[in-house]
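Protein chains get the first letters and strands the later ones, always in sequence-line order, with residue 1 at the start of each.
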2 protein chains.
Amino acid sequence: MPEPAKRGRPGPRRALTENQILDAALTLLDEGGTDAASVRGIAAKVGVAPNAVYTYFPDKAAVIKGLVERLLGEVDHGLFVDRDQPWRQRVESLALELRTRLSAHPGVVPLMIGGPMDGPNALALNERLLELLADAGLHPADGARAAYLLIVYVFGSIALEVADLPQPGPLPPESERIGTRLLAFSATPPEPYPRTAAAAAELAAYISTEQYLWGLHRLLDGITTS
Amino acid sequence: MPEPAKRGRPGPRRALTENQILDAALTLLDEGGTDAASVRGIAAKVGVAPNAVYTYFPDKAAVIKGLVERLLGEVDHGLFVDRDQPWRQRVESLALELRTRLSAHPGVVPLMIGGPMDGPNALALNERLLELLADAGLHPADGARAAYLLIVYVFGSIALEVADLPQPGPLPPESERIGTRLLAFSATPPEPYPRTAAAAAELAAYISTEQYLWGLHRLLDGITTS
DNA sequence: TACATTATTTGTACGACGTACAGAATTAAC
DNA sequence: GTTAATTCTGTACGTCGTACAAATAATGTA
């Protein structure tokens, strides 16, 4: 929505766009963890003075907010708006899609939990979920509560996963912690401990996804039998 | 566990203790929010130079960790270790106790989610929950999964509450459109019901607790019918 | 009592952070 | 060519976490 333009115009060759800034922020978060998204770092990444960022965003919080919004905007609604599909499958698609999108950028999760998610895309997703549950035949009141439960589950699950993962580059000194965690949470204790960090990460990913689905099914059972 | 002491001894009047530092940190968090717990602020609160804190904690993260641990150490185990009580009630007691403890200090929640919770008290709680579920007759594998689900639910719920996400609003008026009703308790309360801020807070507290219990029951239903 | 030893606290300093403000640079409209 | 609008930079302030060395005060030993 660019204003109709007044007298004078752009600036000097316009070195920046909002999306470049968000790209830089996301890259930094992905490779350096939650604390790596500094305004100065972002500016450096796009080759600009630190305060140039403030031409496009009022403050750092706005950058984060924009980033979260863009991420949420990427979720594929096509997966769960199809009214001909069984509703449980649609909920599952939504939950899995969200999880996939978010855990692809673990550094973002603490930031998005840190502040209110009231952007248009967040609200749109909320709305979709409510519609979906209404399609499932739930009374609006029950639909709202079920939506709450599902949202809590999705975000809680991701937050827990992220909190457990090593934030910065190198993996933790000992994979012992992963081992005990899996022992506590997984159905079958990993008989052979993962040798390499990559194997450990892969196993953890598999188990946590499987875990996630199991919990989701229990949730759905709870909702339907109420 | 103070070392047996060598030759010389204390310092100059020992102005500090770990607990005083944690107290100051908690007070700051309570009255100023998550960002208010700065090392300098803590030091000022106990009337000491900023770096004096580093005599007792290696860094700020350790202070936070100590604070979380102390908080978790305060949960009353007596409420749910009684094997003669019905297990569902015991789980409920644990979940509610945790929620009460944590939402009494909302500023702490993002901090505790920010890092792994691997302190002794956290692990002890985990252990208690697993024992409880074992008492309930759940197969160890199912117990572990149920524990995961419950933990996700408890922390996710609290995190969501703290993050000011859209929670289900007042239930009665069913004629309203489903989407807009959810907005009733998000970021800025529009015009509806509560007149005073105190009344609104009270109502919100009631609703979110009630919501929490409902979700918990759905969870428990899901677990038992699996 | 005097001394040496040790734990605690402070003084000072550094680098990184978010961001405010004034000006330079650049472009478009007149 | 002048003018007005926009974008970016230079510089600066206050705050943060925290490292290092010196000052302080209490203790155990002599």
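- Taking atom OH on B/Tyr54 and atom P on C/dG11, their separation rounds to 17 Å, with Å as the unit.
- Each of D/dT9, C/dT10, D/dT18 was ranked by its minimum atom distance to the side chain of B/Ala52; first place goes to C/dT10.
- Summarising the geometry, the separation between CD1 on B/Ile64 and C1' on D/dT18 is reported as 15 Å, rounded to the nearest angstrom.
- Atom CZ in B/Phe57 sits roughly 19 Å away from atom C1' in D/dA19 (whole-Å rounding).
- No side-chain N or O of B/Asn121 forms a donor-acceptor pair with one of B/Arg70 less than 3.5 Å apart.
- Distance NZ (A/Lys60) to P (D/dT15): 18 Å, rounded to an integer number of Å.
- Phosphate contact (OP1/OP2 of D/dC8, side-chain N/O of A/Tyr56, threshold under 4.0 Å): present.
- Comparing atom distances between the A/Val48 side chain and each of D/dC8, D/dG17, C/dT19 picks out D/dC8 as nearest.
- One interatomic measurement links the two molecules: CG of A/Leu28 to P of C/dA16, which rounds to 15 Å at whole-angstrom precision.
- A/Leu149 has its side chain within reach of B/Trp214: a pair of non-hydrogen atoms, C-beta onward, lies under 4.5 Å apart.
- Comparing D/dT18, C/dA20, C/dT19 by their closest approach to the side chain of A/Asn51 singles out C/dA20.
- Of the listed nucleotides (D/dG17, D/dT7, C/dT19), D/dT7 has the atom at the smallest distance from the side chain of A/Thr55.
- Atom CD1 in A/Ile21 sits roughly 12 Å away from atom C1' in D/dT7 (whole-Å rounding).
- Rounded to whole Å, atom P of D/dT6 lies 15 Å from atom CD of A/Glu18.
- A salt bridge between B/Glu97 and B/Arg101 is present, with a side-chain N of the basic residue lying under 4.0 Å from a carboxylate O of the acidic one.
- Between B/Phe80 and B/Val91, the closest side-chain pair of non-hydrogen atoms is not below 4.5 Å.
- Side chain to side chain, B/Ser157 and A/Tyr148 meet the donor-acceptor criterion of an N or O pair below 3.5 Å.
- Out of C/dT19, D/dT9, D/dT18, the shortest distance to the side chain of A/Arg40 is found at C/dT19.
- Here C/dC17 is the nucleotide among D/dT7, C/dT19, C/dC17 with the atom lying nearest to any side-chain atom of A/Ser38.
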